[in-house]
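See below for the structure under consideration.
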Amino acid sequence: MLSSNVFAHVVIAPQVMGGELTAMLLSGEQITPEFVMQQVFQQTTTEPPSAPRGKKS
């Protein structure tokens with residue numbers, strides 16, 4: 001008999017990703033393929049981001 005349990009390896013929330021990409025575009029940040037892949041696969045990098053996200057007061 002086959003198991004009915006399904007385990008997701010990757011969970012993608014298109015609305016969240018789209019919102020984040022839209023905010024980045026509107027604030028003038030560069031979107032790279034590496035950034036998108038990191039967000040999709042929740043990878044972490046050892047290098048700090050090139051520019052801080054968000055506005056400074």
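Count residues from 1 along the sequence.
Residues Glu20 and Phe35 have side chains in contact (heavy-atom distance under 4.5 Å, counting atoms from C-beta outward).
Minimum heavy-atom separation, Met17 to Val36: CE-O, 3.6 Å.
Between the OG1 atom in Thr32 and the CD atom in Gln38 there is a gap of 7.0 Å [rounded to 0.5 Å]. Within the model, atoms OG1 of Thr22 and CD1 of Ile31 stand 8.0 Å from one another, a figure rounded to the nearest 0.5 Å.
Met37 and Leu25 fall within the same hydrophobic cluster, where Ile, Leu, Val, Met, Phe, Trp and Tyr residues are linked whenever their side-chain heavy atoms come under 4.5 Å apart, directly or through other members.
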